[in-house]
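Bear in mind the structure is a predicted one, so any value in this text is a computation, not a measurement.
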Amino acid sequence: MRIESIRQQLRAHGAGPAHEQRVLRLWAQAKPQDSGRRRLEDFMPATVRDRLPALSAELAGLATLRSQHPGEDGSARLLVALADGQTVESVLLPRDGLCVSTQVGCAVGCVFCMTGREGLLRQVGSAEIVAQVALARTLRPVKKVVFMGMGEPAHNLDNVLEAIELLGTVGNIGHKNLVFSTVGDPRVFERLPQGRVKPALALSLHTTRAELREQLLPRAPRISPDELVAQGEHYARTTGYPIQYQWTLIEGLNDSDEELDGIVRLLQGKYGVLNMIPYNSVPDLAFKRPSWERAAEIARQLHRRGVLTKLRQSAGQDVDGGCGQLRARSQDTAAAEAPVHWVPRSTPRPALSD
């Protein structure tokens, strides 16, 4: 479901713009529809009041908590069920943050990512994105939302921007506390500056070498690291928000002195910060996580050379590692528990539909 669908439902029952905004505001902030100083009967048309219980139940069903996995760092990974039975992950972050998913699966196919291994299954609607925030707010306060969960937000741009606009207005989230993460789709640099709400931007860099980036992000747009940083710098100067450059640090792959020289060349003097995150191990993948000591030394070297670098732990590493692993584990469990139906070899297999 999209937010516009909710608006259309409300209009069909006689709601005006102020009524729409009130319903959406209370939903996005996880407050009851009868809360506030004014009684509903003094403000809301009777036809809309009659519709509210069913609508509230429908909105609550957009994202429901399947399981919660608290981490030692104060985070909690959430496995969230959507109305059609698909699942995505959200992460409650320390200091009132939340990471949300924008797709079920992902088409970029980053070779070190669990989410990308299953491909793209479907888009997450704008209302389903906001529903993840509303669900999280029933568990703890949320003052920052980062679009860094499952999926590539640029591949679901209309839905993501619609959710960002709602969260940045009636959702009570500061614009710089809405963080749009992308591998660098050119449409992002065109569309984000045009929005009523302009989010902060996080760019997945991971390497300064164009040929290696093509290998690591095989289906990302063919934009070179130099061009990516140039586009990011323009957006940063336009909005006044520093760019967050994301760097998944992988032992023996992008932790060399050559890469450090490249980072200094690209980012020295830029309006941004390099978020360096040691790789989260994924079963069946050969990539290795560097030692914390090595990662810390790299961050210190970059800092001394004029690149603001923050060494970060991925939230909730102790409960399921990188994003997508919690969902994958639940899928494996469901498959293991499902009854087995034997099909005789002579039975023809149905043709695959489009």
Keeping the roles fixed (side chain from Arg289, backbone from Pro278), state whether a donor-acceptor pair exists under 3.5 Å.
yes
Which atom pairs, donor and acceptor, lie under 3.5 Å between side-chain atoms of residues 219-226 and protein residues at least two apart or in another chain?
| unit_1 | atom_1 | unit_2 | atom_2 | d |
| --- | --- | --- | --- | --- |
| Arg219 | NE | Ala107 | O | 2.7 |
| Arg222 | NH1 | Pro218 | O | 3.4 |
| Arg222 | NH1 | Ala220 | O | 3.1 |
| Arg222 | NH2 | Pro218 | O | 3.0 |
| Ser224 | OG | Glu227 | N | 3.1 |
| Asp226 | OD2 | Arg265 | NH1 | 2.8 |

Can you hop from Val273 to Tyr235 via hydrophobic side chains spaced under 4.5 Å?
no
Assess the residue pair Leu93 and Val146 against the criterion (side chain to side chain contact (heavy atoms under 4.5 Å, CB included)); give the C-alpha distance rounded to whole Å, side-chain angles, the decisive distance to 0.1 Å, and a yes or no.
CA-CA 10 Å; Leu93 304 170; Val146 295; 4.0 Å; yes
CG of Leu311 to CG of Leu302, rounded to nearest 0.5 Å, is 10.5 Å
Sorted by first residue and then second, give each side chain to side chain donor-acceptor pair (under 3.5 Å) pair with at least one member in residues 193-202; sequence neighbours left out.
none
Between Arg305 and Asp261, is the closest basic N to carboxylate O distance under 4.0 Å?
yes
Output the distance between atom CG (Leu78) and atom CG (Leu98), rounded to the nearest 0.5 Å.
7.5 Å
When you measure from the side chain of Ser101 to the backbone of Val88, do you find a donor-acceptor pair of N or O atoms at a distance under 3.5 Å?
no
Just by distance, do the side chain of Asn156 and the backbone of Val124 share a donor-acceptor pair under 3.5 Å?
yes
Walk me through it: do Lys310 and Leu274 pass the test side chain to side chain contact (heavy atoms under 4.5 Å, CB included)?
CA-CA 6 Å; Lys310 295 185 178 181; Leu274 180 66; over 6 Å; no
ILVMFWY cluster membership beyond Leu26 - transitive side-chain contacts under 4.5 angstrom:
none
Going by side-chain hydrogen bond (donor to acceptor under 3.5 Å, both in side chains), name the residues that satisfy it together with Glu58, two or more places apart in sequence or in a different chain.
Arg51
Sequence-distant partners of Thr207, side-chain hydrogen bond (donor to acceptor under 3.5 Å, both in side chains), two or more places apart:
Glu259
Could you give the distance from CG (Leu192) to CG (Leu161), rounded to the nearest 0.5 Å?
5.5 Å
Do Ser90 and Gln132 pass the side chain to side chain donor-acceptor pair (under 3.5 Å) test, and can you show the C-alpha distance, the side-chain angles, and the key distance before you say yes or no?
CA-CA 7 Å; Ser90 301; Gln132 294 175 64; 2.8 Å; yes
Determine, stepwise, if the pair Arg2 / Glu4 fulfils salt bridge (Lys or Arg N to Asp or Glu O under 4.0 Å).
CA-CA 5 Å; Arg2 295 188 63 164; Glu4 182 58 29; over 6 Å; no
By side-chain hydrogen bond (donor to acceptor under 3.5 Å, both in side chains), Glu20 pairs with (sequence neighbours left out) Arg7, Arg11
Is Ser56 reaching over with its side chain to a backbone N or O of Leu52, donor-acceptor style, under 3.5 angstrom?
yes
Would you mind writing out the side-chain donor-acceptor pairs for residues 165-183 within the sub-3.5 Å range, not counting sequence neighbours?
| unit_1 | atom_1 | unit_2 | atom_2 | d |
| --- | --- | --- | --- | --- |
| Thr169 | OG1 | Glu165 | O | 2.7 |
| Thr169 | OG1 | Leu166 | O | 3.2 |
| His175 | NE2 | Gly168 | O | 3.0 |
| Thr182 | OG1 | Glu152 | OE2 | 2.8 |
| Thr182 | OG1 | Gly184 | N | 3.0 |

SB check Asp84 Arg122 (cutoff 4.0 Å)
yes
Taking only residues at least two apart or on different chains, which pairs with a member in residues 130-171 satisfy ring pair (Phe, Tyr, Trp, His ring centres under 6.0 Å)?
none
Arg49 side chain to Met44 backbone, donor-acceptor under 3.5 Å:
yes
Those residues at least two apart in sequence (or on a different chain) that pass side-chain hydrogen bond (donor to acceptor under 3.5 Å, both in side chains) with Arg300 are Glu297
In one Ile/Leu/Val/Met/Phe/Trp/Tyr side-chain cluster, 4.5 Å: Tyr271, Trp247:
no
Not counting sequence neighbours, which residues clear ring pair (Phe, Tyr, Trp, His ring centres under 6.0 Å) with His19? List them please.
Phe43
N/O donor-acceptor pair under 3.5 Å between Thr64 side chain and Gly61 backbone:
no
Please say whether more than 12 non-hydrogen atoms of neighbouring residues, nucleotides or ligands are located less than 6.0 Å from CZ in Arg304.
yes
Between Asp34 and Leu40 (side chain of the first, backbone of the second, donor and acceptor by atom type, cut-off under 3.5 Å), is there such a pair?
no
Could you check whether any side-chain N or O of Thr309 sits under 3.5 Å from a backbone N or O of Val307, counting only pairs where one atom can act as donor and the other as acceptor?
yes
What's the separation between atom CD1 in Ile3 and atom CD1 in Ile129, rounded to the nearest 0.5 Å?
8.0 Å
So SG of Cys99 and CD of Glu89: to nearest 0.5 Å the spacing works out to 9.0 Å
Donor-acceptor pair, side chain of Arg22 and main chain of Gln33, under 3.5 angstrom
yes
Connected hydrophobic set around Tyr241, excluding itself, where side chains approach under 4.5 Å:
none
Distance-only, no hydrogens or angles: does the Asp255 side chain make a donor-acceptor pair with backbone N or O of Gly252 under 3.5 Å?
yes
Pair Arg137, Asp96 - check salt bridge (Lys or Arg N to Asp or Glu O under 4.0 Å), show working.
CA-CA 10 Å; Arg137 280 175 157 167; Asp96 299 336; over 6 Å; no
With sequence neighbours left out, the residues meeting ring pair (Phe, Tyr, Trp, His ring centres under 6.0 Å) with Phe112 are His206
